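Remarks on the structure that follows.
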There are 2 protein chains.
Amino acid sequence: MNEPHPLASGDKSQGTSKKTAIETVQEQIRERVISGALGPGERLHVDKLRLEFGVSTSTMREAISRLLIDGLVTSEQQRGFRVAPLTLKDFRDITDARKMIEAQALRISLSNRSDVWEADLVAAYHRLSRIEERLIGEGKPEFAHDWDTWNSNFHDCLVQNCDNAWLKRFRRTLHQHSYRYHRRLIGDRSLPRDVRIEHKAIFDTAIAGDIEACVAAIEAHIEKSYTDLTQQHDLSE
Amino acid sequence: MNEPHPLASGDKSQGTSKKTAIETVQEQIRERVISGALGPGERLHVDKLRLEFGVSTSTMREAISRLLIDGLVTSEQQRGFRVAPLTLKDFRDITDARKMIEAQALRISLSNRSDVWEADLVAAYHRLSRIEERLIGEGKPEFAHDWDTWNSNFHDCLVQNCDNAWLKRFRRTLHQHSYRYHRRLIGDRSLPRDVRIEHKAIFDTAIAGDIEACVAAIEAHIEKSYTDLTQQHDLSE
DNA sequence: TTGGCAAAAATAATCGTTTTTTATTTGACG
DNA sequence: CGTCAAATAAAAAACGATTATTTTTGCCAA
């Protein structure tokens with residue numbers, strides 16, 4: 001099933017940058033972890049992966065090591081690497097931490113608003129809205145992947161003007177993990193609920209400059225996403 | 001000046017655990033970065049370090065890679081690793097993030113109080129107090145290193161019962177960076193100010209179970225540490 | 001002089017193998 | 001039959017050499 005695919009062949013990424021082998025592999029493994037192709041708790045067999053990707057041991061080890069940065073994999077004394085587990089408690093903790101950190105990043109970002117930012121946000125919201133109409137109204141699940149992209153883009157845009165690099169970093173890490181839970185719990189169906197109202201509330205308050213209302217909307221949005229996913233689904237399947 | 005020191009020779013660590021070479025090297029490099037032996041922005045020459053520590057290229061690279069986890073080192077496309085820079089803005093951001101995250105971790109921890117925790121805290125505070133008396137009262141700077149240890153221990157103890165692993169992780173990362181600024185700004189002098197009153201306030205409110213007072217005390221403590229250090233000293237020296 | 005250009009040096013990235021450690025099987029003995 | 005331990009298999013960690021990239025240096029012409 002898994003034929004080798006040397007790095008030289010498929011250059012699907014953006015034209016200019018020639019990435020290092022480590023980075024390429026790192027991204028692929030990251031995608032597998034988030035998508036669930038590598039399941040939670042599963043061991044990462046350096047040698048097998050190495051052969052599959054057509055790289056050397058050290059390259060593969062370093063690539064995997066870098067996923068330790070955002071906690072997608074864990075490492076244990078002399079027993080290799082392992083995909084980070086998924087637990088309900090962990091999802092709860094992520095949700096709590098996200099609410100706090102995202103809220104603060106948003107406060108800072110909104111208090112640094114600019115014309116460019118406003119234009120970006122309008123654009124991001126517009127694109128997201130269009131996708132959501134198609135997804136929910138017309139029931140076209142083929143846009144699910146686009147939704148992920150533009151939803152992320154919209155939320156990134158909101159905190160774009162937050163100049164605290166640490167908050168942004170933590171936010172990014174948590175979002176990544178959250179997204180992994182989503183992928184796991186949602187399966188292949190489309191949106192779990194109608195998020196259009198929530199996004200509209202966030203957008204409107206952001207544009208209006210009502211910081212605390214916007215923060216409240218984001219917190220509710222994050223919390224709702226947790227409740228919604230965990231009520232209908234099960235992690236131990 | 002730097003003669004090679006093979007790993008086999010000096011086994012200064014705790015007896016039981018036999019650490020992997022990567023971990024040993026990682027810790028040593030971390031110590032150098034935090035202490036300033038490797039200066040901010042400085043490049044990490046894999047080959048030089050490798051020879052100095054008596055390990056191979058890949059071992060050294062992986063060790064350094066793991067410092068990317070907590071941001072003590074940065075990496076750039078085809079131009080190796082570099083010690084994370086120190087800037088005033090960064091210290092400000094760290095301080096803000098710490099105040100928020102430490103405060104929340106403390107709230108959670110204090111609301112999960114237990115007898116064991118209380119005993120641990122009393123002990124930790126006691127030891128810290130003794131050191132501080134010697135350091136400030138009797139003016140014995142030889143206890144500075146012990147102070148670092150027990151100060152850390154006291155603060156760790158406070159958030160010990162916080163069960164949100166993410167908050168703890170972020171807290172740990174930020175603390176580490178904060179400490180690096182301290183080391184840089186304090187130089188070789190002893191305590192920058194009399195922190196005994198602050199520690200007492202934190203301890204008393206924690207024991208009394210007054211969560212919000214304790215949170216306020218911690219926030220003030222963190223902020224004061226920033227103000228104090230940045231007023232007297234200079235990062236660009 | 002100086003401003004590019006190319007050869008040389010330095011350094012980063014990658015490689016495939018060897019050594020060490022841990023996990024699994026098997027077989028003798030209680 | 002069950003337990004323990006030696007033998008074997010599997011996998012992780014460490015190695016040092018090779019290849020690719022970037023930076024420096026030194027030369028020549030504008």
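It should be emphasised that the depicted structure is a prediction, and the values quoted were computed from it without experimental measurement. Proteins get letters first, then strands, A, B, ... in listed order; numbering begins at 1 in each.
No more than 12 heavy atoms of other residues, nucleotides or ligands lie within 6.0 Å of CZ in B:Arg130, so this atom counts as exposed by the packing criterion.
Contacts of A:Arg79 with the nucleic acid, taken as non-hydrogen atoms under 4.0 Å apart, involve only primed sugar atoms and P, OP1 or OP2. In this structure, B:Thr20 reaches the sugar-phosphate backbone alone: every heavy-atom distance under 4.0 Å involves primed, P, OP1 or OP2 atoms, never a base. Contacts of B:Arg50 with the nucleic acid, taken as non-hydrogen atoms under 4.0 Å apart, are absent.
Closest contact between the side chain of A:Thr57 and the listed nucleotides C:dG16, C:dT14, C:dA12 involves C:dG16. Among the nucleotides C:dT11, D:dA12, D:dC15, the one closest to the side chain of B:Ser58 is D:dC15. Of the candidate nucleotides C:dT11, C:dC15, C:dT14, C:dT14 has the atom lying nearest to any side-chain atom of A:Ile22. With distances taken from any side-chain atom of A:Arg61 to the nucleotides D:dA12, C:dT14, D:dA14, the minimum falls on D:dA12. The side chain of B:Ser56 lies closest to D:dG16 when the candidates are D:dG16, D:dT21, C:dT21.
Between the NE2 atom of B:His45 and the P atom of D:dT22 there is a distance of 17 Å, given to the nearest Å. Remark: C1' of D:dA9 and CG of A:Asp47 are 14 Å apart, rounded to the nearest angstrom. Straight-line distance from the CD atom of B:Glu76 to the C1' atom of D:dT23: 14 Å, rounded to whole Å. In this structure, A:Met60 atom CE and D:dA11 atom C1' are separated by 15 Å, rounded to whole Å. In this entry the distance linking CZ of A:Arg82 with P of D:dA11 reads 13 Å, nearest Å. Distance CD (B:Gln78) to C1' (C:dA10): 14 Å, rounded to an integer number of Å. Look at CD on B:Gln77: it is 20 Å from P on C:dT11, rounded to the nearest Å. Here C:dT14 presents its P atom at 8 Å from CD of A:Glu62, a figure rounded to the nearest Å.
Ion pairing of B:Glu102 with B:Arg172 is absent here, as no side-chain N (NZ or NE/NH1/NH2) approaches a carboxylate O to less than 4.0 Å. A salt bridge is defined here as a Lys NZ or Arg NE, NH1 or NH2 lying under 4.0 Å from an Asp or Glu carboxylate O, and A:Arg183 with A:Glu31 meets this definition.
Between B:Thr59 and D:dA13 there is no side-chain N or O to OP1 or OP2 distance below 4.0 Å.
For A:His155 and A:His221, the distance between ring centers is under 6.0 angstrom.
In this structure, CG on A:Leu135 lies 8.5 Å from CG on A:Asp146, to the nearest 0.5 angstrom.
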